[in-house]
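The structure appears below as structure tokens.
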Amino acid sequence: MTPSGTTSTTTARPPVRDTGAQPAWEVLLPAAAAPARRRGRALQEALREAVRSGRLTAGTRLPSSRALAQDLGVSRGLVTEAYEQLTAEGYLRSDRGSGTWVGDAARTGRTATHAAPGPATAPGSGMIADFRPGTPDLSLFPRAAWAAAQRTVLSELPHRALGYPDPRGLPVLRSALASMLSRRRGVVAEPDRLVVCSGVAQAATLLGFVLRARGHRDVGVEDPGSPEHGRLFAATGLDTVWLPLDEEGLCPAPLSRSGTRAVVVTPSHQFPSGIAWSAERRGMLLDWARSVDGYVCEDDYDGDFRYDRAPVGALQGLDPERVVYTGSVSKSLAPGLRLGWMVLPASLVDEVVERKRTMDLGHPALDQAALAHLVTSGGYDRQLRRCQRAYRERRDALLAALDEHFPGTEVTGIAAGLHVIACLPARYGPAQRFLDVAAGVGVALRCLEEYGTARPTDGAVRLVVGYAHLTPATIATGVRRTAEALGTR
Ligand SMILES: Cc1ncc(COP(=O)(O)O)c(C=O)c1O
């Protein structure tokens, strides 16, 4: 199911403006939480007010009553009733067979003192498309399912569960995650070796402190790679060593020469290049780790999103005693939840758990219980399928727009994740001018060079383009406006 105001708006009739206004379910969610006997009326009032104030703008197609009811966690009858009532009042329009729309009354009904707020999801003022990578579509967060999970755990958890939690995490969540990671990612995951933490960021920090205490001085990071890796490990007192990549993964010779005994890598979908490491390089890395008695920290930051090929299983499955597997809900649900996990070699469990305990006495229990409920009820898998559908559509929109407006562009890393690498021929460069011109028309972009030490001299413009958080319409507009501003058309 697709929440209103996102992907569904592109296929509807009559033509829909990409207003950036809030999706209907988001606007109506507080009303859906009203007590059952007042819920119908609350929904109607909220919908009426949203149209009047412009939070739902004229021309916006509303989701089907079935989809909206599901998003809100209310009965379909309530939504149908609200649609019928507001259609009768002139706020909405219903076209037989093609759905329900916000009508023109939205404009006449809006008063000067009731001006529409700025678009909730729009980037900074004047910005038409922010292609910087790293964020999922936050409007896809399954609010209704999360709210239901929170209600359930609040009513079911015994009082004692509100005491200090086990620093490893709630047993119910560790079991749920262990079986989910083994099923989805091929991770060898025993609940006793799994620690719940605040995202990959805290996992890296915990590991960094433990390695530092064991006498490690540095950690190898991919070049190009995530700037966060270096920053997080540096905060634990470890130096970082850039280790160059080629199209198969980390280059063996510089790794051997580096003298380090720990590396952090993204083998399933390398960040930012988008390559999947070859089987040979995965084996080479594990051989190296054994030979130096070292550790590999696997950051599986977007391992859930695969489009055109069979998922690449986690590296950890090949040697659970050398690989620290890390992941989080930051791409699948929302980074603001700060919920993640690490699966540890037996040799590191006690030290990491003790670090976690002294750092924050354990992760918030209610959030853990809610996530456990979402995973065991099947809601987490449903969310991944829903995001996967939306993100594939957006990736396709990006590929089509680049093909139309920047012919000759080579796009890689398209089979997975939330971003691609677009390598534009030198005639569109130089890169800095390209970025400046795009910024001038409200399009934010990042260059591959910002993520590593390489400075190629071929003049090509290499961009790291995030697309998952943007609607197909915004993607198309952003690419077209950049091309127009550069005068390439
Ligand atoms: C490659 C990579 N790893 C890890 C993180 C941090 O993830 P988390 O939110 O799970 O701490 C990010 C954040 O964008 C990232 O890009």
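In listed order, ligands and their atoms are each counted from 1. Computed from a predicted model, the values in this text were never measured in an experiment.
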Nearest to [atom], what protein heavy atom do you find, and at what distance?
atom                    : value
atom 9 (O) of ligand 1  : Ser330 OG, 2.6 Å
atom 10 (O) of ligand 1 : Ser328 OG, 2.7 Å
atom 15 (C) of ligand 1 : Ser226 OG, 4.2 Å
atom 3 (N) of ligand 1  : Asp299 OD2, 2.5 Å
atom 6 (C) of ligand 1  : Val200 CB, 4.3 Å

CD-OG1 distance between Glu247 and Thr412, expressed to the nearest 0.5 angstrom: 11.0 Å
Closer than 4.0 angstrom, basic N to acidic O: yes or no for [X] and [Y]?
X      : Y      : result
Arg231 : Glu228 : yes
Glu404 : Arg480 : no
Asp71  : Arg386 : yes
Arg185 : Asp300 : yes
Arg290 : Asp319 : yes

Those atoms of ligand 1 less than 4.0 Å from some heavy atom in [X]:
X      : value
Lys331 : 13 (C), 14 (O)
Gly199 : 10 (O), 11 (O)
Arg338 : 8 (P), 9 (O), 11 (O)

Close N or O approach (Tyr301, ligand 1; < 3.5 Å): no
N/O separation below 3.5 Å, Glu228 to ligand 1: no
Neighbour count above 12 (heavy atom, 6.0 Å) for Glu354 CD: yes
Residue from Arg184, Arg385, Lys331 passing salt bridge (Lys or Arg N to Asp or Glu O under 4.0 Å) with Asp304: Arg184
Ligand 1 contact by Thr266, heavy-atom criterion under 4.0 angstrom: no
